[in-house]
Each structure stands twice: as C-alpha cells, then as structure tokens.
Amino acid sequence: MSILAIRKLGDPVLRTKAKEVKEITDQTRDLLDNMAETMYAAPGVGLAAPQVGILQRIIVIDVDDEHGLIEVINPEIIDVSDERIIMEEGCLSVPEQTGRVIRPKEVKVRGLNRNGKEIEIEADNMLARALQHEIDHLEGILFIDKLEKQEKQY
Ligand code: ZN
C-alpha cells in the first residue's frame with residue numbers, strides 16, 4: 001500500500017468528470033487500498049479518485065466506527081430525502097476552508113463493491129453528507145461551488 005498525493009484546488013483534474021469503471025481488476029483493488037490509506041493518513045473521512053489524480057468513479061469513506069470503511073465503485077444516488085439540513089463541510093483538496101452546505105439529510109446510493117457485487121447504502125446525517133460530497137467530486141464539483149450558490153440565493 002502507498003500514500004498518494006492529494007490534488008489541491010486549482011488542479012484541473014478536480015474539475016474533470018470521472019469515467020465509469022468498466023472492469024474491476026486487481027489494479028482497482030490496489031487503488032482502493034491506497035485511497036483508504038491516503039484518507040486515513042491525511043486524516044480525512046472521505047476521498048474520491050479524482051483527488052489523487054485518477055479519473056475513475058471510485059470513492060472511499062470512513063465517517064465513524066459504526067459504519068467503518070465504505071468503498072463504492074460507480075456510485076449513484078438513487079434517492080434523496082425531501083428534508084435538507086445544513087452541515088459544516090471541509091475537503092482534503094481545499095485546505096483550510098470549511099463552510100456550511102445545505103444537502104438532503106438522507107440518501108440511497110447504489111454501486112459496486114471491490115468484487116463487482118452490487119451494493120445499496122441507505123445513509124443519513126454524516127454518512128449521507130460524505131457520500132454526496134464524494135460523488136460530487138466524480139462530477140468535478142467541489143463543496144465551495146455549493147457555498148457560492150447559497151450565497152447568491154441570500
Ligand atoms: Zn472533498
């Protein structure tokens with residue numbers, strides 16, 4: 001396993017849409033291992049592949065001991081709650097900046113695990129937040145974009 005370099009704001013890779021993973025190989029699993037190690041070393045609670053310069057739809061999350069390490073390949077949000085809440089967010093790619101972001105409180109995410117098996121995750125609060133934040137990265141979206149939009153609204 002190895003710790004990967006985390007790309008920072010201004011790096012165009014963070015603004016590029018990631019590609020669907022067509023085939024899950026040992027390379028994919030090595031990447032998952034390295035992403036988790038990089039996230040824990042940072043330390044952070046989530047990491048998306050574009051943040052380490054790899055434009056594949058892969059995320060890792062670990063928000064608490066209850067849920068542990070969550071790995072999702074090709075994650076898709078398939079349902080969100082009407083209820084939306086404001087939470088403070090930060091990002092390993094946007095150092096020394098946090099901000100309050102409004103997002104759905106609960107989400108349902110579908111994707112694949114490291115063995116290519118379909119998984120569904122129903123999450124609320126912190127885990128739901130992390131899933132949405134990391135899936136945004138796969139679209140080239142950063143949490144600061146949402147801050148700006150909110151500021152425009154008020
Ligand atoms: Zn982030």
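Sequence positions, counted from 1, serve as the residue numbers for this chain.
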How far apart are the closest heavy atoms of [X] and [Y], and which atoms are they?
X: A48; Y: I59; result: CB-CG2, 4.0 Å
X: F143; Y: G99; result: CE1-N, 3.7 Å
X: E23; Y: T28; result: O-OG1, 3.7 Å

May I ask you to say whether R103 pairs ionically with E89, meaning some side-chain N is under 4.0 Å from a carboxylate O?
yes
Residues in side-chain contact (heavy atoms from CB on, under 4.5 Å) with E66, at least two apart?
D64
Quick one: side-chain contact (heavy atoms from CB on, under 4.5 Å) partners of A41, sequence neighbours excluded?
I3
Are V94 and I135 grouped together when hydrophobic residues (ILVMFWY) are joined by side-chain heavy atoms under 4.5 angstrom apart?
no
Please name all residues satisfying side-chain hydrogen bond (donor to acceptor under 3.5 Å, both in side chains) with [X], sequence neighbours left out, ordered by chain then number.
X: T16; value: none
X: D79; value: none
X: N34; value: none
X: S81; value: none

Provide the full list of salt bridge (charged side-chain N to carboxylate O under 4.0 Å, His left out) pairs with a residue in residues 3-20, sequence neighbours left out, each pair given once.
R7-D11, R15-D145, K17-E139, E20-K22
Considering only residues two or more places apart or on different chains, which pairs with a residue in residues 30-51 satisfy salt bridge (charged side-chain N to carboxylate O under 4.0 Å, His left out)?
D33-R114
Find out whether E134 and I70 are in side-chain contact, i.e. whether some heavy atom of one side chain is under 4.5 Å from a heavy atom of the other.
no
Side chain proximity check, L147 to V101, heavy atoms < 4.5 angstrom:
yes
Test salt bridge (charged side-chain N to carboxylate O under 4.0 Å, His left out) applied to D62 - qualifying residues, sequence neighbours left out
none
Who passes salt bridge (charged side-chain N to carboxylate O under 4.0 Å, His left out) against D82, sequence neighbours left out?
none
Should we say atom CD of E76 is surrounded by more than 12 heavy atoms from elsewhere, each under 6.0 Å from it?
no
Would the number of heavy atoms belonging to other residues, nucleotides or ligands and lying under 6.0 Å from CD of Q27 be above 12?
no
Taking ILVMFWY side chains as joined if any heavy atoms are under 4.5 angstrom apart, and letting links pass through other members, which residues group with I58?
L4, I6, V21, I24, L31, L32, M35, M39, Y40, L47, V52, I54, V60, L69, I73, L92, L112
What side-chain donor-acceptor pairs closer than 3.5 Å can you find for residues 115-128, not counting sequence neighbours?
residue, atom, partner, partner atom, Å
E120, OE2, R110, NE, 3.2
E120, OE2, R110, NH2, 3.1

